[in-house]
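In what follows, a single structure is set out as C-alpha cells and then discussed.
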Amino acid sequence: MPTILGQNQYGKAENRVVKITRDGATHHIKDLNVSVALSGDMDEVHYSGSNANVLPTDTTKNTVYAFAKEHGIESAEQFGIHLARHFVTSQAPIHRARIRIEEYAWERIEASDVNSQFIGADEVKHSFVRKGQETRLTQITYDGSSWEVVSGLKDLVVMNSTNSEFWGYVKDKYTTLKEAYDRILATEVSGRWRFNWTDDEQRMPNWEKSYEQVKKHMLQAFAETYSLSLQQTLYQMGSRIINHRSEIDEVRFSLPNKHHFLVDLEPFGLKNDNEVYYAADRPYGLIEATILRDGCEPRIPEDLTNL
C-alpha cells in the first residue's frame, strides 16, 4: 500500500536554562525548562534522508542558551515569543514554531537578625529556596503571521476544610457513597488559559502581572465559593478569570477530586466529629471543563497532555 507523510515536527525537548540577573548585590532567578518543536518543509528528510532543510536540534538548544544571554528572560511568555519569532523568520523551510516552557519558582531566603561572621544579615540577597506550590506553564505557537499563547499552571494543591457539600446525586444498586453536607474539598489544579493577543499590531499583555492576577482570582474563587460540587467550583474559578482579565478568552481546568473520607473511630469508642480523615490518593474523580468568553470558540485541547 502507498503511504504519505502526515503532520510532523522536530526539535530539542527539555532544555534546562537558569538565568541569574545580578542587580548589584541583589540577584534574581529565572529557572525554565524549554522545549522547541519546528515544522515546515520537511518532506525530503523523511522520504530520502536529505538534511538540506534541517536545522540541527543541537542548534535549537544552543539558541535557547544564547537568547537567555542576549535577550534575558523577562517572562516565560516573552522568552518563548523571542524564540518562536527567530526560528520562523530566520529559517525559510520552517513555517511554524511551538515553544513549550515550564517555569520553576524560587523565593528569597530571609536572613536572621543576627549577622553572620562573614555577611551582614541585611546583605543576604542571593540565597533562595525552591517554591513547591506549582509549576508555571506556557506554550507559544507562531506561523509567521499570527500568534497563539496558552499559559497555565499545574500541581497547585488547594483545600477547603468546610463549605462543601455533595448530595442529591443519582443512585442505583451499586451506589454506596453517603451524602455529605459538610466535607473537605481538595484538588490539584491543572489549568490553561488562552490569550486573545494574536498579532504584533495588538498591545502585548503584561505576562507577569497577568499570571499573578489569574492565580489570585482562581484561588479567591475556590476559597469563596460555597460548593455543592467540584464542577460548580471549577466553573466559578474560570468565570472569575474571564470576568476580571480582559486579555483572556478561554480557560480549561482538569481537577482531580482528592477525596478525604471520614475514618470510622467507633470501634475504639471514639466519635469522629468531622475531625479525622483518610486521604485517598486513588482512584479519584476527575472533573474537566472549558469556560469561554461569550462569542469565542474553544481552542485549548480537551486533553491537556496535548499541550
> Would you say Leu156 and Tyr104 are hydrophobically clustered, going by side-chain heavy atoms of ILVMFWY under 4.5 Å?
Replying inline: no
>> Treating His27 as the side-chain partner and Asp23 as the backbone partner, does any N or O pair qualify as donor plus acceptor under 3.5 Å?
In response: no
> Shortest non-hydrogen contact from Ser254 to Leu286?
Replying inline: OG-CD1, 3.6 Å
> Same hydrophobic cluster for Tyr65 and Val34, using side-chain heavy-atom links shorter than 4.5 Å among ILVMFWY?
Replying inline: yes
>> Looking at Phe261, I'd like to know if its CZ atom is crowded, meaning that more than 12 non-hydrogen atoms belonging to other residues, nucleotides or ligands lie closer than 6.0 Å.
In response: yes
> Within 45 degrees of the axis of the six-membered ring of Tyr142 and under 6.0 Å from its centre: does Arg96 put its NZ or CZ there?
Replying inline: no
> Looking only at atom types and distance, does a side-chain atom of Gln202 sit under 3.5 Å from a main-chain N or O of Thr198, one as donor and one as acceptor?
Replying inline: yes
>> What I'd like to find out is whether the side chain of Glu134 reaches to under 4.5 Å of the side chain of Lys215, using heavy atoms alone.
In response: yes
>> I need the minimum non-hydrogen distance between Leu185 and Ser164, along with the two atoms involved.
In response: CB-OG, 3.6 Å
>> Determine whether a donor-acceptor pair (N or O, by modelled atom type, separation under 3.5 Å) exists between the side chain of Ser48 and the backbone of Glu44.
In response: yes
> Do side-chain atoms of Asn160 reach the backbone of Thr162 as a donor and acceptor pair under 3.5 angstrom?
Replying inline: no
> Who pairs with Thr135 by side-chain hydrogen bond (donor to acceptor under 3.5 Å, both in side chains), at least two apart in sequence or on another chain?
Replying inline: none
>> Would you compute the distance between atom CD of Gln220 and atom NE2 of His217 and round it to the nearest 0.5 angstrom?
In response: 6.5 Å
> Restricting to pairs with a member in residues 258-276, which pass side-chain hydrogen bond (donor to acceptor under 3.5 Å, both in side chains), not counting sequence neighbours?
Replying inline: none
> Quick one: are Ile101 and Leu137 in side-chain contact, heavy atoms under 4.5 Å?
Replying inline: no
>> Walk me through whether Trp147 and Thr141 qualify under side-chain contact (heavy atoms from CB on, under 4.5 Å).
In response: CA-CA 6 Å; Trp147 297 91; Thr141 306; over 6 Å; no
> With a distance cut-off below 6.0 Å to the six-membered ring centre and an angular limit of 45° from the axis, does Lys69 pair with Phe67 as a cation-pi contact?
Replying inline: no
> Does the side chain of Trp207 come within less than 4.5 Å of Phe79's, by heavy atoms?
Replying inline: no
> CD of Glu302 to CD of Glu288: how many Å apart, nearest 0.5 Å?
Replying inline: 9.0 Å
> Do the non-hydrogen side-chain atoms of Tyr226 and Leu228 ever get within less than 4.5 Å of each other?
Replying inline: yes
>> Are more than 12 heavy atoms, taken from residues, nucleotides or ligands other than Glu224, located less than 6.0 Å from that residue's CD atom?
In response: yes
> Roughly how far, to the nearest 0.5 Å, is OG1 of Thr233 from CG of Leu255?
Replying inline: 9.0 Å
> According to a 4.5 Å side-chain heavy-atom criterion applied to Ile, Leu, Val, Met, Phe, Trp and Tyr, with indirect links allowed, do Tyr10 and Val64 form part of one hydrophobic cluster?
Replying inline: yes
> Are Arg136 and Glu208 ion-paired here, with the side-chain N under 4.0 Å from a carboxylate O?
Replying inline: yes
>> Test your reading of the model: is there a side-chain donor-acceptor pair from Asp31 to the backbone of Glu103, 3.5 Å cut-off?
In response: no
> Hey, are the side chains of Glu102 and Lys154 touching, using non-hydrogen atoms and a 4.5 Å cut-off?
Replying inline: yes
> Is the count of non-hydrogen atoms from other residues, nucleotides or ligands lying under 6.0 Å from Lys216 atom NZ greater than 12?
Replying inline: yes
> Can you tell if the side chain of His28 reaches within under 4.5 Å of the side chain of Arg108, non-hydrogen atoms only?
Replying inline: yes
> Does a side-chain heavy-atom distance below 4.5 Å link Thr63 with Phe87?
Replying inline: yes
> Should we count CG of Asp172 as having more than 12 external heavy atoms under 6.0 Å?
Replying inline: yes
>> My understanding is that a hydrophobic cluster links ILVMFWY residues whose side chain heavy atoms are under 4.5 Å apart, including indirect links. Using that, what else belongs to the cluster containing Ile29?
In response: Val18, Ile20, Trp106, Phe128
> Can you check salt bridge (charged side-chain N to carboxylate O under 4.0 Å, His left out) on Arg98 and Asp143, steps first, answer last?
Replying inline: CA-CA 9 Å; Arg98 187 197 68 200; Asp143 63 5; over 6 Å; no
> Hey, is the main chain of Ile242 close enough, under 3.5 Å, to the side chain of Arg293 for a donor-acceptor pair?
Replying inline: yes
If you look only at distance, which donor and acceptor atoms sit under 3.5 Å apart when one is on a side chain in residues 187-196 and the other is two or more places apart or in another chain?
| from | atom 1 | to | atom 2 | distance (Å) |
| --- | --- | --- | --- | --- |
| Thr187 | OG1 | Pro256 | O | 2.6 |
| Ser190 | OG | Arg192 | NH1 | 3.2 |
| Arg192 | NH1 | Leu153 | O | 3.4 |
| Arg194 | NE | Glu250 | OE1 | 2.7 |
| Arg194 | NH2 | Glu250 | OE1 | 3.1 |
| Arg194 | NH2 | Glu297 | O | 3.0 |
| Asn196 | ND2 | Ser246 | O | 2.9 |
| Asn196 | ND2 | Asp249 | OD1 | 3.0 |

>> Can you list, by chain and residue number, the hydrophobic cluster partners of Leu307 when the side-chain cut-off is 4.5 Å?
In response: Val150, Ile300, Leu304
Side-chain polar contacts of residues 50-58 - donor-acceptor pairs under 3.5 angstrom, sequence neighbours left out - could you list them?
| from | atom 1 | to | atom 2 | distance (Å) |
| --- | --- | --- | --- | --- |
| Ser50 | OG | Ala52 | N | 3.4 |
| Asn53 | ND2 | Asp41 | O | 3.1 |
| Asn53 | ND2 | Asp41 | OD2 | 3.4 |
| Thr57 | OG1 | Lys12 | NZ | 3.3 |
| Asp58 | OD1 | Lys61 | NZ | 2.9 |
| Asp58 | OD2 | Asn62 | ND2 | 3.4 |

>> When you compare the side chain of Ile291 with that of Ser239, does any pair of heavy atoms fall below 4.5 Å?
In response: yes
>> For the backbone of Ser227 and the side chain of Thr225, can you confirm whether one donor and one acceptor N or O come within less than 3.5 Å of each other?
In response: no
> So which heavy atom on Pro301 is nearest to which on Asn306, and how close?
Replying inline: CB-CB, 3.9 Å
>> Could you report the tightest heavy-atom contact between Ala68 and Ile73, atom names first, then the distance?
In response: CB-CD1, 4.3 Å
>> Hydrophobic clustering (ILVMFWY, side-chain heavy atoms < 4.5 Å, transitive) - are Tyr278 and Leu262 grouped together?
In response: no
>> I need the minimum non-hydrogen distance between Ala289 and Leu234, along with the two atoms involved.
In response: CB-CD2, 3.6 Å
>> Can you tell me how far apart CD (Gln133) and CD (Glu107) are? Round to the nearest 0.5 Å.
In response: 8.0 Å
>> Donor-acceptor pair, distance only, cut-off 3.5 Å: does the side chain of Tyr169 make one with the backbone of Leu177?
In response: yes
> Checking side-chain contact (heavy atoms from CB on, under 4.5 Å) for the pair Met159/Ile184: CA distance, chi angles, key distance, verdict?
Replying inline: CA-CA 7 Å; Met159 174 191 288; Ile184 287 176; 3.8 Å; yes
>> Nearest 0.5 angstrom please: Phe253 CZ to Gln231 CD, how far?
In response: 14.0 Å
>> Between the side chains of Lys171 and Glu179, is the shortest nitrogen-to-carboxylate-oxygen separation below 4.0 Å, so that they form an ion pair?
In response: yes
>> Ignoring hydrogens, what is the shortest heavy-atom contact between Gly152 and Tyr211? Give both atom names and the distance.
In response: O-CE1, 3.7 Å
> If two hydrophobic side chains count as joined below 4.5 Å and joins carry through other members, does Val88 share a cluster with Met204?
Replying inline: yes
> Counting N and O atoms only, with roles assigned by atom type, does the side chain of Arg100 sit under 3.5 Å from a partner on the main chain of Val36, one being a donor and the other an acceptor?
Replying inline: no
> Looking at OG of Ser39 and NE2 of His95, how far apart are the two atoms once the value is rounded to the nearest 0.5 Å?
Replying inline: 8.5 Å
>> I'd like to know if the side chain of Ser151 pairs up with that of Glu77 as donor and acceptor (distance under 3.5 Å, no hydrogens or angles considered).
In response: yes
